[in-house]
Colleague: 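One structure is given below, represented as structure tokens, and several questions about it will come after.
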Amino acid sequence: MPTNARTTDRSVALLQVAGFALLTLGFSLIHFVPGQVATAAVRWIALLSLAVAGVRKRNLTFWIFLSMLVGLEVGLDWPSFAAQLKILSDIFLRLIKVIVAPLILGTLITGVAGHGDVRKVGRIGWKSLLYFEVITTIAIVVGVASINITRAGEGITLPATSDITAAPQSISQLKWDDFILHIFPENIVKSIGENQILQVAVFAILFALALSRVAEKYRAPMLTLAESLTQVMFSFTKIVMYYAPIGVGAAMAYTVGHMGAAVLLPLIKLILTAYAALLCFLLFVLLPVALFARIPLKRFLSAVAEPATIAFATSTSEAALPRAMECMEEFGVPRRIVAFVIPAGYSFNLDGSTLYLAVASIFVAQVAGIHMSWREQLFMVFALMLTSKGIAGVPRAVLVVLLATSSLFHLPTEPIFIILGVDTLVDMARTSVNVIGNCLASAVVARWEGELNTVPHSEG
């Protein structure tokens with residue numbers, strides 16, 4: 001068996017290397033070989049070899065990644081057909097969304113009421129919020145520094161007319177007092193129906209605190225129900241994940257087919273700036289934090305690979321939430337910490353989104369030819385630190401916050417509308433960083449509490 005296994009592993013590795021090499025060659029030849037048929041054929045042969053490797057490897061994360069590549073190729077070769085595939089990605093997102101609220105409800109109630117120590121919950125809360133504020137502030141500073149270095153907005157000519165109706169108009173949701181009020185549910189059924197994660201989390205915490213104060217004969221049945229709900233929703237998530245490659249591939253195909261490549265060229269510098277800033281944030285902020293907290297990097301990267309890939313392809317943090325919670329619990333973070341930190345992080349710790357907000361805000365000023373002093377930019381950092389906290393529950397959230405920030409600093413709105421063309425592309429990267437950042441936050445808080453289990457489950 002070991003000999004056969006080694007032989008299989010070698011053949012799979014060779015197929016993967018050959019597939020990726022051919023794929024790279026196929027994309028490289030686009031600019032040199034006239035006509036798309038030859039280069040497309042090379043890329044499809046590469047994808048076929050990767051698919052054969054996937055059949056032999058049987059790894060869901062690999063299939064999700066492969067489906068992204070197939071979706072990219074479908075979007076390039078048949079854009080009109082790819083635009084019709086949105087229904088497949090929408091089905092996946094709907095299936096994921098139906099999981100989120102019951103999962104948070106079950107895990108938080110079990111985590112808070114099941115352990116009986118209310119003081120621990122409060123301690124986890126303030127530690128989480130302190131971590132969130134420090135990391136998101138650093139993310140914004142990294143974004144401001146990056147766009148000041150590249151000055152990506154300079155030299156871009158605004159279009160003669162701007163399609164203002166294509167952008168979100170309402171910024172009233174971003175007022176701080178409205179956001180505070182929006183945290184508290186008025187109807188839990190309505191909150192679940194609208195997938196208001198933070199409202200469901202607040203209800204679950206208050207419900208769990210109330211549950212911990214009643215007699216055991218009343219508490220035990222509710223805790224059993226919550227634990228059963230949690231286990232069923234984790235099982236539900238595993239079933240839905242079998243559909244993930246189809247949903248993820250369809251999402252990528254639709255994005256590429258719908259946007260095309262031509263619209264990206266004038267804004268390529270903004271895209272590169274955003275991706276470079278996000279990479280720097282991962283390498284020079286999150287990596288040192290992980291090392292300082294003594295997080296096992298290899299196991300952590302393996303744990304976050306699947307949820308981060310799902311987030312990248314769907315551009316939706318919510319789509320990765322159930323799997324992220326499950327993976328971090330398997331990684332060794334106690335359920336009560338996972339159940340509190342990750343859902344709370346979806347409103348208070350969106351590192352990638354806040355970083356991009358800083359990049360985009362200064363970009364708007366540069367396109368408009370407005371010079372902002374460092375004092376004004378620092379003030380913008382603190383304004384973004386507040387306004388970005390409501391981002392999770394607002395559709396087209398980053399652009400909505402961007403409009404609010406622009407009005408606060410009297411920046412023109414026209415440059416915001418040209419960002420719409422690349423927002424989806426950048427959204428993939430920043431959403432992945434959001435998910436990675438929240439997963440790391442749960443591990444750091446668990447380490448801070450002295451409750452991170454670094455022994456893999458298979459060994460424990």
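None of the values given here were measured: they were computed from a predicted structure.
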Colleague: Please collect all salt bridge (Lys or Arg N to Asp or Glu O under 4.0 Å) contacts where either partner lies in residues 274-298, sequence neighbours excluded, each pair once.
Modeller: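 For residues 274-298, and leaving out neighbouring residues, there are no salt bridge (Lys or Arg N to Asp or Glu O under 4.0 Å) pairs at all.
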Colleague: Describe, in one word, how the ring planes of F300 and F331 are oriented to each other, choosing from parallel (under 30°), tilted (30 to 60°) and perpendicular (over 60°).
Modeller: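 F300 vs F331 ring planes: perpendicular.
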Colleague: Sequence neighbours excluded, which residues qualify as side chain to side chain contact (heavy atoms under 4.5 Å, CB included) partners of L283?
Modeller: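 L283: side chain to side chain contact (heavy atoms under 4.5 Å, CB included) contacts with L279.
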Colleague: Tell me, please, which residues at least two apart from Q231 pass side-chain hydrogen bond (donor to acceptor under 3.5 Å, both in side chains).
Modeller: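 Applying side-chain hydrogen bond (donor to acceptor under 3.5 Å, both in side chains) to Q231 gives E227.
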Colleague: Partners of A441 by side chain to side chain contact (heavy atoms under 4.5 Å, CB included), sequence neighbours excluded?
Modeller: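 Result, side chain to side chain contact (heavy atoms under 4.5 Å, CB included) vs A441: Y131, F132, V341, N349.
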Colleague: List in chain and number order the residues that pass side-chain hydrogen bond (donor to acceptor under 3.5 Å, both in side chains) with N148, two or more places apart in sequence or in another chain; answer none if no residue qualifies.
Modeller: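 Applying side-chain hydrogen bond (donor to acceptor under 3.5 Å, both in side chains) to N148 gives Q377.
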Colleague: Can you list the residues that meet the side-chain hydrogen bond (donor to acceptor under 3.5 Å, both in side chains) rule with T150, with sequence neighbours excluded?
Modeller: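 With neighbours one apart ignored, the set is T273.
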Colleague: Please name all residues satisfying side chain to side chain contact (heavy atoms under 4.5 Å, CB included) with L72, sequence neighbours left out, ordered by chain then number.
Modeller: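 Counting only residues at least two positions away or on another chain, L72 forms a side chain to side chain contact (heavy atoms under 4.5 Å, CB included) with F27, L76, M252, V256.
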Colleague: Please list, chain by chain and in numerical order, all residues satisfying side chain to side chain contact (heavy atoms under 4.5 Å, CB included) with A18, sequence neighbours excluded.
Modeller: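 Once residues adjacent in sequence are excluded, A18 has no partner under the side chain to side chain contact (heavy atoms under 4.5 Å, CB included) criterion.
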Colleague: Does F234 have any ring pair (Phe, Tyr, Trp, His ring centres under 6.0 Å) partners at least two apart in sequence or in another chain, and if so, which?
Modeller: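 If we apply the ring pair (Phe, Tyr, Trp, His ring centres under 6.0 Å) test to F234, skipping adjacent residues, there are no hits.
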Colleague: Holding to ring pair (Phe, Tyr, Trp, His ring centres under 6.0 Å), I want the full list of residues that pass it with F207, two or more places apart in sequence or in another chain.
Modeller: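 Counting only residues at least two positions away or on another chain, F207 forms a ring pair (Phe, Tyr, Trp, His ring centres under 6.0 Å) with F203.
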Colleague: Just to verify, what does K238 make a side-chain hydrogen bond (donor to acceptor under 3.5 Å, both in side chains) with, not counting sequence neighbours?
Modeller: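 In terms of side-chain hydrogen bond (donor to acceptor under 3.5 Å, both in side chains), with neighbours along the sequence ignored, K238 is linked to no residue.
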